[in-house]
Amino acid sequence: PYTVYNYGKINLRGSMDASDPEAAWINEINSFFSYGGGITMFRTNGLLEAIAHGNTISYSGITDQSIILSEFVHYYNLMLEGSGLKTLLSNVHLHGNFTANARFAHNNKAINFHGDEMQYISGTVPPTLYDMNMINSGPGLTLQTPVFVDHNLSLANGKIFTSTVNLLTINNNGTTSGESVNSFVNGPLGKIGDDAFVFPVGKGSVYARIGISAPQIVGSKFIAEYYYTAFSNTSSVTTPIYNVSTVEYWDLLRNAGSDSVKVQLFWEDAVRSGINDYSQDLLVARWDGSSWVSRGQSTITGSDPGNITSFVVNVFNQFTFGSRSPFVNPLPVTYLTYNAVYAAGNVNISWTTASENNNDFFTIEKTNDLSSISGIGTEYGQGNSNIPVSYNYYDVKPSAGIYYYRIKQTDFNGQSESTPWMQVEIPENKDLIIYADNTSKSISISLPQSVTDYTVRVFNLSGQIVSTNYWIHGEL
């Protein structure tokens, strides 16, 4: 049997076959092989190996060609060129890029995007895939051309980055599966057809779905995109809405058809989204161009994660969560993190807000019995903010014991909300610590709590005793 090792760039305009089943063509690292043959490569015998990093196989015939099953079922870069139709003969795994400059027939086969680097789909002829499976262990997949999916988009791992120009669209009767915070569409996602559908969208590290009920006609098309930021106007509201989310919103556009649908908004993390009351207070809000108007609440799944569904909507643009009252949903402040940690003799209470709405100040509260609560410090808020803001407060040199800390947020109208209590255990100080205060001309002495009887003598610079004090059982 013969084996051809390609280390460079080869264009083969004729056909390639073998008489021996062990014959092979092996594309090495960064090599390029363009096959223009009119018959299926290795139609009788032989195999193609194309898994080496950076290598490219191009099917470039002017007549119809079949994309064969490569050795190990893996390609690195796969390119389609020429005027012939390229038909996929088997499920394949791509570790690199897919370039479609020719017509493509998926033949009900899957393409698995299996890379560990950013992968790209590009080309001049937007491809329609059957099953598009994301199992990318790196940063994900970027579309540089529109892509359509006929059957299923499987999101096991890795994000898909899209744009309004390079849109991913799920065709009629198409579905999605497996979506999670690890794998979603980062950008707009389209859906064609008369199917109820949940768009697995998000932005950055935030996964946040939006859904629609079933349209009436097959030709309907909706496009959804999520934004992890406040809309440009969150203050203009129409009764019964009191306020709307300053954390997030969705674009939901009807791109074809005139169908009305119900809109479903999901919260994947109630704290992040500022949802704290699963009641009739929570509404679906829509921006009408000048104000946020209510689209109501037809159903709600009161859990975390959870969702809310509107009444029927016939005009589409921006949507977010709305609240009927100033007391709940969405909260004036949404926390990204909050924590209390003992270190170097102090307790550091730290927190970061994702957004702030009408926020006046924070009070740091402390207790050792969850009954007698005292405020030990105050930090002023940002008023209104749509970007993360970090805060710190130090409880300096607390005595040994178990304490509980929390952060109470108060807005300008006097309403307040508190974080859960955070427990911190302060170990006993085993060291003698002396503090000198030049302003008051005084000296403070900190001793281990286990020491109850001791004598303190003060000496002058000549070594003479100028003061002697005795403490017995902690009393002078």
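Within the structure, ring pair (Phe, Tyr, Trp, His ring centres under 6.0 Å) pairs that include any residue of residues 282-325 comprise Phe222-Phe316, Phe231-Trp287, Phe231-Trp292, Trp250-Phe321, Trp267-Phe321, Trp287-Trp292 (at least two apart or interchain).
Taken to the nearest 0.5 Å, the CD1 atom of Ile308 stands 4.0 Å off from the CD atom of Gln297. Note that CE of Met132 and CG of Leu155 are 8.5 Å apart. Values are rounded to the nearest 0.5 Å. Distance CD1/Ile275 to CD/Glu268: 12.0 Å, rounded to 0.5 Å. Once rounded to the nearest 0.5 Å, the distance linking OG of Ser31 with NE2 of His53 reads 12.5 Å. How far NZ of Lys408 is from CD of Glu365: 4.5 Å, rounded to the nearest 0.5 Å. Rounding to the nearest 0.5 Å gives a distance of 11.5 Å between CD1 of Ile192 and CG of Asn173.
Taking 4.5 Å as the limit, every side-chain heavy atom of Tyr404 sits out of range of all side-chain heavy atoms of Asn368. For the pair Val185/Lys159, no side-chain contact is recorded, criterion being any heavy-atom separation below 4.5 Å from C-beta on. Taking the side chain as every heavy atom from C-beta outward, Leu252 and Ile210 approach each other to under 4.5 Å. Between Thr468 and Ile465, some side-chain heavy-atom pair lies under the 4.5 Å cut-off. Within the 4.5 Å cutoff, the side chain of Pro240 has heavy atoms near those of the Leu283 side chain. Counting heavy atoms from C-beta outward, Thr99 and Tyr120 have side chains that stay 4.5 Å or more apart. Put simply, the side chain of Ser385 does not reach to within 4.5 Å of the side chain of Thr353, judged on heavy atoms. Contact check for Tyr405 versus Thr419: no side-chain heavy atoms found under the 4.5 Å cut-off.
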- [ ] Tell me, with the steps shown, if Asn359 and Gln409 meet side-chain hydrogen bond (donor to acceptor under 3.5 Å, both in side chains).
- [x] CA-CA 7 Å; Asn359 178 33; Gln409 178 274 326; 2.9 Å; yes
Could you walk me through whether Ile373 and Arg406 pass side chain to side chain contact (heavy atoms under 4.5 Å, CB included), step by step? CA-CA 10 Å; Ile373 300 169; Arg406 72 180 179 186; 3.8 Å; yes
| task | Apply the test side chain to side chain contact (heavy atoms under 4.5 Å, CB included) to residues Lys191 and Leu189: give CA-CA distance (whole Å), side-chain angles for both, the deciding distance (0.1 Å), then the verdict. | result | CA-CA 7 Å; Lys191 178 65 176 76; Leu189 173 65; over 6 Å; no
CA sep, side-chain torsions, deciding dist, call: Gln423, Ile402, side chain to side chain contact (heavy atoms under 4.5 Å, CB included)
CA-CA 7 Å; Gln423 178 180 308; Ile402 295 177; 3.8 Å; yes
Note to self: Between Arg209 and Glu179, does the salt bridge (Lys or Arg N to Asp or Glu O under 4.0 Å) criterion hold? Intermediate values first, please.
What the structure shows: CA-CA 10 Å; Arg209 295 167 289 169; Glu179 52 265 27; 5.7 Å; no
Q: Dump the intermediate steps for side chain to side chain contact (heavy atoms under 4.5 Å, CB included) on Ile160 and Leu153, then the final yes or no.
A: CA-CA 11 Å; Ile160 302 176; Leu153 169 65; 3.8 Å; yes
Exercise for the section: Start with the C-alpha gap between Glu248 and Ser273, add the side-chain angles, then the distance that decides, and say whether side-chain hydrogen bond (donor to acceptor under 3.5 Å, both in side chains) holds. Expected result: CA-CA 7 Å; Glu248 58 200 343; Ser273 292; 2.7 Å; yes
Could you go step by step and tell me if Gln119 and Asn136 meet the side-chain hydrogen bond (donor to acceptor under 3.5 Å, both in side chains) rule? CA-CA 8 Å; Gln119 296 180 263; Asn136 178 285; 3.0 Å; yes
- Query: Do Ser279 and Asp277 pass the side-chain hydrogen bond (donor to acceptor under 3.5 Å, both in side chains) test, and can you show the C-alpha distance, the side-chain angles, and the key distance before you say yes or no?
  - Reply: CA-CA 6 Å; Ser279 70; Asp277 188 86; 2.3 Å; yes
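With hydrogens and angles disregarded, no donor-acceptor distance shorter than 3.5 Å links the side chain of Thr239 to the backbone of Ile241. The closest donor-acceptor contact from the side chain of Thr246 to the backbone of Ala230 lies at 3.5 Å or more, if one exists at all. Using a distance-only test at 3.5 Å, with no hydrogens or angles considered, a donor-acceptor pair links the side chain of Asn27 to the main chain of Thr56. Remark: the backbone N or O of Thr309 is not paired with any side-chain donor or acceptor of Asn307 at under 3.5 angstrom. In this structure, Asp304 contributes its side chain and Ala270 its backbone to a donor-acceptor pair below 3.5 Å.
Nearest approach of Tyr249 to Thr229, heavy atoms of both residues: CD2-O, 3.3 Å. For the pair Ala50 and Asn55, the tightest heavy-atom approach, listed with the atom from each and the gap, is O-ND2, 2.9 Å. Between Tyr130 and Lys109, the shortest heavy-atom contact is CB-O, 3.3 Å. When all heavy atoms of Asn97 and Leu94 are compared, the closest pair comes out as O-CD1, 4.4 Å. Closest heavy-atom contact between Ile426 and Val347: CD1-CG2, 3.4 Å. Here the shortest heavy-atom pairing between Val201 and Gly187 reads CG1-O, 4.0 Å.
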Side-chain donor-acceptor pairs under 3.5 Å in residues 141-151, sequence neighbours left out?
from, atom 1, to, atom 2, distance (Å)
Thr145, OG1, Gly123, O, 3.2
Asp150, OD1, Asn171, ND2, 2.8
Asp150, OD2, His106, NE2, 2.9
His151, ND1, Asp131, OD1, 2.7

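The salt bridge (charged side-chain N to carboxylate O under 4.0 Å, His left out) search around Lys366 returns Asp395, not counting sequence neighbours. Contacts of Phe199 classified as ring-ring contact (aromatic ring centres under 6.0 Å, His included), with partners at least two apart in sequence or in another chain: Phe197. Every residue two or more places apart in sequence or in another chain that forms a ring-ring contact (aromatic ring centres under 6.0 Å, His included) with Tyr338 is listed here: Tyr335. For the side-chain contact (heavy atoms from CB on, under 4.5 Å) test, residues two or more places apart in sequence or in another chain that qualify with Ser350 are Asn339, Asn348, Asn392.
Between His95 and Tyr76, the ring planes lie parallel to each other; the angle is under 30°, not in the 30° to 60° tilted range.
Ion pair Lys203/Glu225 flagged as a salt bridge, since at least one NZ, NE, NH1 or NH2 atom sits closer than 4.0 Å to an Asp/Glu carboxylate oxygen.
For the residue pair Thr162/Asn186, the side-chain donor-acceptor check at 3.5 Å is not satisfied. Of the N and O atoms on the side chains of Ser291 and Asp288, not one donor lies less than 3.5 Å from an acceptor on the other residue.
The number of heavy-atom neighbours closer than 6.0 Å to OH of Tyr380, taken from other residues, nucleotides and ligands shown, is 12 or below.
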